[in-house]
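Below: one structure, written as structure tokens.
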Amino acid sequence: MLIITAATLIGLGAAALAVFAPNLLTSIFSRVTGYETIQSRPVQGDPANYDPVAAYASMQAFAGEGAQLISLDAQFVRPDGTLDLTASYTPSPRVSAEFALEVAPPADAPPIGAGGLGTWYRRVTIQAYRPGQQGRVSSRGPGGSVTYTYVNQGMTRDIDDPATDTFTFLPAPTCAFADLWQVALERGAPANAVATIEYDDEGYDFRIRDVNVRVQFDSACQVKD
């Protein structure tokens, strides 16, 4: 559900209050204002036992056709490799995946020689976190100022404006988080802890807050000495 609480919209006046089904709202609101709202849909599988590696394809699909991975960050992974997205403690478990979508240069892009050289991308952030949590966004889009609230169904999609950039794109993660945890346990990690696991162009970085535990793995899941 997405609720527009106050907006200046093209042809709609200075104030509006509307509640729409998510897909209908996204279509109508984007066409009228030119502004991209945060979208949401349920995660793949059980949110209380969410496996980001197993569910990666669903996150990439939500990012959009042709989305290329930049990084993935999982906060508070249990020894079985899953997160409890329904957990009530704060800060709560969350997975953030950054993607890039290659796009055509916008109509107002500067020409080559005036800063227009390079490939244009739209950066897309997919986050999986506690279903039912409400968020609020205030921003200015092409159609004017807008403030809206949204309810997370399980994961959200936020897309940036087109920009030129350079990225190192990653293959899909293939190292099961439970396997990374097993190595950490063998090195003395407490079994009742949760870990932060980051995946980027250097591999996997496994850390446990509050204790001095850190293990780094390469992209082939091997411990880096």
Side-chain angles (χ1 to χ4, degrees), residues 38 40-63 67-100 123-135 152-158 165-225:
I38 290 178
S40 183
R41 67 172 55 167
V43 296
Q44 175 183 315
D46 179 6
N49 296 280
Y50 184 67
D51 184 338
V53 177
Y56 170 75
S58 66
M59 299 182 76
Q60 184 183 39
F62 191 23
Q68 301 182 81
L69 181 64
I70 302 169
S71 66
L72 186 145
D73 179 14
Q75 300 283 334
F76 312 143
V77 182
R78 297 177 295 195
D80 66 355
T82 69
L83 298 85
D84 181 4
L85 300 181
T86 67
S88 58
Y89 61 83
T90 303
S92 58
R94 178 181 297 255
V95 178
S96 298
E98 297 286 340
F99 295 91
R123 195 179 186 109
V124 183
T125 302
I126 304 296
Q127 295 196 75
Y129 58 100
R130 189 176 186 182
Q133 186 170 331
Q134 190 175 86
N152 174 40
Q153 298 180 55
M155 60 180 176
T156 59
R157 175 181 186 263
D158 191 12
D165 213 329
T166 301
F167 301 107
T168 299
F169 295 119
L170 308 176
T174 56
C175 298
F177 287 173
D179 293 343
L180 306 186
W181 245 110
Q182 184 58 44
V183 173
L185 289 170
E186 293 169 357
R187 293 177 171 229
N192 61 345
V194 289
T196 294
I197 301 176
E198 299 177 12
Y199 171 50
D200 58 22
D201 58 349
E202 296 185 355
Y204 300 80
D205 189 357
F206 179 106
R207 301 185 186 188
I208 299 178
R209 298 183 183 181
D210 306 323
V211 295
N212 188 25
V213 173
R214 182 181 184 186
V215 187
Q216 294 178 294
F217 302 83
D218 61 23
S219 59
C221 318
Q222 300 300 306
V223 176
K224 296 167 70 173
D225 295 327

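If you're wondering where the values come from, they're calculated on a predicted model, not measured in any experiment. Both backbone and side-chain heavy atoms feed into the values below; hydrogens, waters and symmetry mates do not.
Looking at Val194 and Pro93, their side chains never come closer than 4.5 Å, going by heavy atoms from C-beta outward. Using a 4.5 Å cut-off on side-chain heavy atoms (C-beta onward), Val223 and Val215 make contact. Annotation: side chain of Pro52 is in contact with side chain of Phe177 (closest heavy-atom distance under 4.5 Å). Looking at heavy atoms from C-beta onward, Phe167 lies out of side-chain contact with Gln68 at the 4.5 angstrom threshold. Here the side chains of Ile126 and Arg157 are in contact, with some heavy-atom distance below 4.5 Å. Side-chain atoms of Leu69 and Pro173, non-hydrogen and from C-beta on, do get closer than 4.5 Å to each other.
For the pair Asn152 and Ser40, the tightest heavy-atom approach, listed with the atom from each and the gap, is OD1-OG, 3.4 Å. Closest approach of Val213 and Pro190 over heavy atoms only: CG2-CD, 4.4 Å. Closest of all the heavy-atom pairs between Ala97 and Phe99 is CB-CE1, 3.5 Å.
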Worked check of side chain to side chain contact (heavy atoms under 4.5 Å, CB included) between Thr156 and Tyr129: CA-CA 8 Å; Thr156 59; Tyr129 58 100; 3.4 Å; yes
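Counting only residues at least two apart or in different chains, salt bridge (charged side-chain N to carboxylate O under 4.0 Å, His left out) contacts with residues 203-217 comprise Asp205-Arg207, Asp205-Arg214. A side chain to side chain donor-acceptor pair (under 3.5 Å) check over residues 44-63, counting only residues at least two apart or in different chains, returns the pairs Asp46-Asn49, Asn49-Arg78. Sorted by first then second residue, the disulfide (SG to SG under 2.5 Å) pairs that include residues 187-221, not counting sequence neighbours, are Cys175-Cys221. Residue pairs meeting the salt bridge (charged side-chain N to carboxylate O under 4.0 Å, His left out) criterion with at least one member in residues 178-202: none, sequence neighbours excluded.
Legend: residues meeting side chain to side chain donor-acceptor pair (under 3.5 Å) with Ser96, ordered by chain and number and at least two apart, are Gln127. Take Thr174 and apply the side chain to side chain donor-acceptor pair (under 3.5 Å) test, not counting sequence neighbours, and it matches no residue. With sequence neighbours excluded, the residues that form a salt bridge (charged side-chain N to carboxylate O under 4.0 Å, His left out) with Arg123 are Glu98. The ring-ring contact (aromatic ring centres under 6.0 Å, His included) check on Tyr199 picks up Tyr204, with sequence neighbours excluded. With sequence neighbours excluded, the residues that form a side chain to side chain donor-acceptor pair (under 3.5 Å) with Asp80 are Thr82. Remark: Thr196 engages Gln75 in a side chain to side chain donor-acceptor pair (under 3.5 Å) (not counting sequence neighbours). Taking Phe206 as the reference, Trp181 meet the ring-ring contact (aromatic ring centres under 6.0 Å, His included) condition, with sequence neighbours excluded.
Remark: Arg130 CZ to Asp84 CG distance equals 9.0 Å, nearest 0.5 Å. A distance of 6.0 Å separates OG1 in Thr125 from CG in Asp158, rounded to the nearest 0.5 Å.
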